[in-house]
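Notes follow the structure.
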Amino acid sequence: ITIDERGLIDSMNPTALKIFGYNLNEVIGRNVKMLVPMHYVNMLVPMHFAGEPDHYIANYMNTGIKKIIGSVREVTGLKKNGKMFPIDISVTEIYLGGNRKFAGFIRDITEQKQAEASLHEAEARFRHLFESSPLAYQALDSEGRYLDVNPGLCTLLGYKTHELLGRRFDEVWAPDFRPFFREE
């Protein structure tokens, strides 16, 4: 997406049009706030043109200090159908025919966010099973030190969690159990 200094859309490639659900004639000449709503647009255009407080690009235009130009930010996009969705956006300054423009590179991260949420849910379920199991579970590092233990192991050994974490397996278990711990 390219915009001018006033925040008006100059162009959008077919991928960006598809992401947002628009046809080219519906966006050209319109303010980028239709795609990146409200306060998120502060990162894209000088706000004195958009009627909101000036921040990032206006500051860059006045001082030359880059705060968002060349970096990637996660913001919220707005589709034509009104649905908000997460996007990564990277902005760069370009000159076309002597005119200053800003190019925004957009990536829809909806699937990434859904995968992260699923992973967090799976981690929470695993943690619940680990913590609530009456069986003894332990996680050791490559040197045989306890990284994590569950209450079942603490009950079996008669230790509290903080007493086990960081200690070596062979410091805790009786000599009869040490053969079960394999060192390589």
Do the side chains of [Y] and [X] get nearer than 4.5 Å, heavy atoms only?
X	Y	value
Val172	Tyr146	yes
Phe85	Ile87	yes
Asn150	Gln138	no
Lys18	Thr15	no
Ile106	Ile1	yes

Pairwise distance [atom1]([X]) to [atom2]([Y]) - rounded to 0.5 angstrom:
X	Y	atom1	atom2	result
Arg145	Arg168	CZ	CZ	6.0 Å
Asn99	Asp4	CG	CG	8.5 Å
Leu17	Asn25	CG	CG	9.5 Å
Arg30	Met34	CZ	CE	4.0 Å
Glu123	Ser118	CD	OG	11.0 Å
Lys101	Thr92	NZ	OG1	14.5 Å

**Request:** Using ring-ring contact (aromatic ring centres under 6.0 Å, His included) as the criterion, list what pairs up with Phe105, not counting sequence neighbours.
**Result:** none
**Request:** Would you kindly confirm whether Leu135 and Phe130 end up in one hydrophobic cluster when ILVMFWY residues are joined by side chain heavy atoms under 4.5 Å apart?
**Result:** yes
**Prompt:** With the 4.5 Å side-chain cut-off for hydrophobic clustering, are Val149 and Leu147 part of the same group?
**Reply:**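 No, Val149 does not connect to Leu147 through the hydrophobic network.
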Salt bridge between [X] and [Y], side-chain N to carboxylate O under 4.0 Å?
X	Y	answer
Glu131	Arg127	yes
Asp88	Arg73	no
Arg107	Glu74	no

Exercise answer: donor-acceptor pairs, residues 152-163 side-chain atoms, under 3.5 Å, sequence neighbours excluded:
| from | atom 1 | to | atom 2 | distance (Å) |
| --- | --- | --- | --- | --- |
| Thr155 | OG1 | Pro151 | O | 3.0 |
| Glu163 | OE1 | Lys160 | N | 2.7 |

**Item:** Among Ile19, Ile28, Thr2, Leu35, side chain to side chain contact (heavy atoms under 4.5 Å, CB included) partner for Met12
**Value:** Leu35
**Item:** Heavy-atom closest contact (Val72 atom, Ser90 atom, distance)
**Value:** CG2-CB, 4.1 Å
**Message:** Can you give me the closest heavy-atom contact between Phe102 and Arg100, atom names plus distance?
**Reply:** CZ-CD, 3.6 Å
**Message:** Is it the case that the side chain of Asp141 and the backbone of Gly144 share a donor-acceptor pair, with hydrogens and angles ignored and the cut-off at 3.5 Å?
**Reply:**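 Yes, because the side chain of Asp141 sits within donor-acceptor range (under 3.5 Å) of the backbone of Gly144.
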**Prompt:** Under 6.0 Å from the six-membered ring centre of Phe20 and within 45° of its axis: does the NZ or CZ of Lys80 meet both?
**Reply:** no
